[in-house]
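Right, one structure below, let's go through it.
One-based numbering, in listed order, for ligands and for the atoms of each. Side chains included, hydrogens not; waters and symmetry mates left out as well; all remaining heavy atoms used. This structure is a prediction, so every number in the text was calculated from the model and none was measured.
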Amino acid sequence: MTDMIPFIDLGAQRDRLRSKLDAAIAGVLDSGAFILGPQVRELEARLADFAGAPIGLACANGTDAIVLPLLAMGIGKGDAVFVPSFTFASSAEVIPWTRATPVFVDVDPVTYNMDPESLKAAIDMVKAEGKLRSAAVIAVDLFGQMADYPAIKAICDEHGMKLISDAAQGYGATLNGKHSIEWADALTISFYPAKPLGCYGDGGAVLVKDQHIADLIKSYRVHGEGKERYEYARIGLNSRLDTLQAAILLVKLDAFAEELVLRQKAADAYEKGLKGAVKTPQLAPGATCTWAQYTVEVDDRDAFRSYLSARGVPTAVYYPIPLHMQTPYAPFPVAPGGLPVTMKVCDRVVSLPMHADIRGEDQQRVIEAVQAYAAERAAA
Ligand SMILES: Cc1ncc(COP(=O)(O)O)c(C=O)c1O
């Protein structure tokens, strides 16, 4: 049997950072400050600083990182929140949690991110129906590339809407040198282990610009705590980041900028080796990407995946079924004309092994397998 190359190799990163990680973990165990300890506050400041945001707040995971600003912004019943359907469940599930209504918007065929024209049409539709107030947009930085924030922010401003950047996959990406918080009211991050900046468990953070929103998020993440201990100003949740995870993330954050360079190098090698064989991912002008996933498009995905798997190359599909086609989300509105790009790309996308430590010889194996597949199909 052919040995499989890793899809993501967290072990290689662990080996590279081992002594620092071990010291950071031992430091927390010795301190006994397991919840919201000093490393959490340090991490919050450094995450904000890295992205040019005034305020950083850690929380339990990247899903809570989206619901916390929604709650703090007062989003609720009667509000429409616009979100892509081509995304992970978290981007949309948080909307009904607040009793607001998700409205699904189509994506751009090149970047896979929210299509501003589809957003405009969806807002007009909601306005014409007159039942909901257009309150917020959750744009997703899918696969690590930022959405078209300049265009989306202009639409939000025109309609008095809040803008959240779901940067679970895209924390670290820039457009014209700026992180998404330049345009968004909140930038949300996931530290799920496989994310470009991952911890060793669940973790998340939200970056914001407004002190009032930050104060509300601080309250919501600790059960809605008021000014005194065990006095509650609102109904909240339990969404704290463990100190252990913060200590691990501080070590990983030190290496993060360098890892983004390594990911870009790996993406460049794929682009060079795969161009012409499959549809390779493309960045918008002025964009950098975290390459959370390296996602190509093929005509016959099942055959492609089996072919690669037989040659020791694992693949993954993000995402095979758009959210608006899934039972729990079926009752919610979609942009006028449906979501044709979303439907098309869900059938075609497939992600290849990608991480900062990917070895040249492993990438070469991926490239050769894809090229052999393309050559066989061309000859058939
Ligand atoms: C686009 C997107 N949003 C939100 C999340 C939620 O993050 P978490 O798993 O940390 O809750 C994820 C990842 O899992 C994601 O990919």
Side-chain angles (χ1 to χ4, degrees), residues 7-8 10 40 43 47 56-71 81-98 102 104-105 107-108 111-114 136-147 149 152 163-173 180-181 184 186-207 217 220-221 237-242 244-246 248-249 252 281 289-295 316-324 326 329 342 345-346 349 351 354-355:
F7 188 74
I8 291 178
L10 291 177
V40 176
L43 177 71
L47 289 168
L57 297 164
C59 61
N61 55 65
T63 310
D64 288 358
I66 314 172
V67 84
L68 286 166
L70 282 179
L71 292 168
V81 180
F82 300 84
V83 65
S85 171
F86 185 45
T87 181
F88 185 64
S90 302
S91 317
E93 73 187 348
V94 291
I95 303 167
W97 288 2
T98 71
F104 290 110
V105 172
V107 292
D108 178 88
T111 63
Y112 305 125
N113 285 328
M114 182 178 273
V137 169
I138 299 174
V140 181
D141 300 347
L142 204 71
F143 306 145
Q145 173 169 199
M146 276 168 58
Y149 288 104
I152 295 170
L163 175 55
I164 295 177
S165 159
D166 176 355
Q169 303 180 13
Y171 175 69
S180 61
I181 193 67
L187 179 163
T188 72
I189 316 169
S190 165
F191 302 124
Y192 183 78
K195 293 285 188 269
L197 182 61
C199 59
Y200 291 143
D202 276 311
V206 49
L207 310 183
I217 290 174
Y220 274 114
R221 78 175 167 181
L237 56 153
N238 174 10
S239 190
R240 301 170 301 220
L241 182 73
D242 293 350
L244 263 178
Q245 300 303 344
I248 289 160
L249 283 162
K252 291 207 184 189
C289 187
T290 64
W291 300 105
Q293 301 298 338
Y294 188 88
T295 304
V317 176
Y318 308 106
Y319 298 93
I321 313 171
L323 293 179
H324 75 289
Q326 308 220 28
Y329 296 96
T342 298
V345 297
C346 278
V349 287
S351 302
M354 165 58 83
H355 53 97

Identify the closest protein heavy atom to atom 13 (C) of ligand 1: which residue and atom is it, and at what distance? Lys195 NZ, 2.8 Å
To check your reading of the model: name the closest protein heavy atom to atom 16 (O) of ligand 1, its residue, and the distance in Å. Gln169 NE2, 2.9 Å
Not counting sequence neighbours, which residues clear ring-ring contact (aromatic ring centres under 6.0 Å, His included) with Tyr294? List them please. Tyr270, Trp291
Are the side chain of Asp202 and the backbone N or O of Asn61 linked by a donor-acceptor pair below 3.5 Å? no
Among all protein heavy atoms, pick out the one at the shortest distance from atom 6 (C) of ligand 1; state its residue, atom name and that distance to 0.1 Å. Ser90 OG, 3.2 Å
Taking 4.0 angstrom as the limit and counting only heavy atoms of Gly62, give me the atoms of ligand 1 inside it, by number and element. 6 (C), 7 (O), 8 (P), 10 (O), 11 (O)
shortest atom 15 (C) of ligand 1-to-protein heavy-atom contact is with Ala168 CB, 3.5 Å
How about Thr87 and Tyr319: does a side-chain donor come under 3.5 Å of a side-chain acceptor? no
Identify the protein heavy atom lying closest to atom 11 (O) of ligand 1, giving its residue, its atom name and the separation to 0.1 Å. Thr63 OG1, 2.5 Å
So, Ser85 and Thr342: side-chain donor and acceptor under 3.5 Å apart, yes or no? no
Which option, Gly204, Ser190, Ala65, owns the non-hydrogen atom nearest atom 9 (O) of ligand 1? Ser190
Is it the side chain, the backbone, both or neither of Val140 that has a heavy atom closer than 4.0 Å to ligand 1? side chain
Please state whether the rings of Phe86 and Phe143 are parallel, tilted or perpendicular, taking 30° and 60° as the class boundaries. perpendicular
For atom 3 (N) of ligand 1, what is the nearest protein heavy atom, given as residue, atom name and distance? Asp166 OD2, 2.7 Å
Find out whether Val83 and Val105 are in side-chain contact, i.e. whether some heavy atom of one side chain is under 4.5 Å from a heavy atom of the other. no
Scan side-chain atoms only and decide if Asp64 and Tyr220 contain a donor-acceptor pair under the 3.5 Å cut-off. no
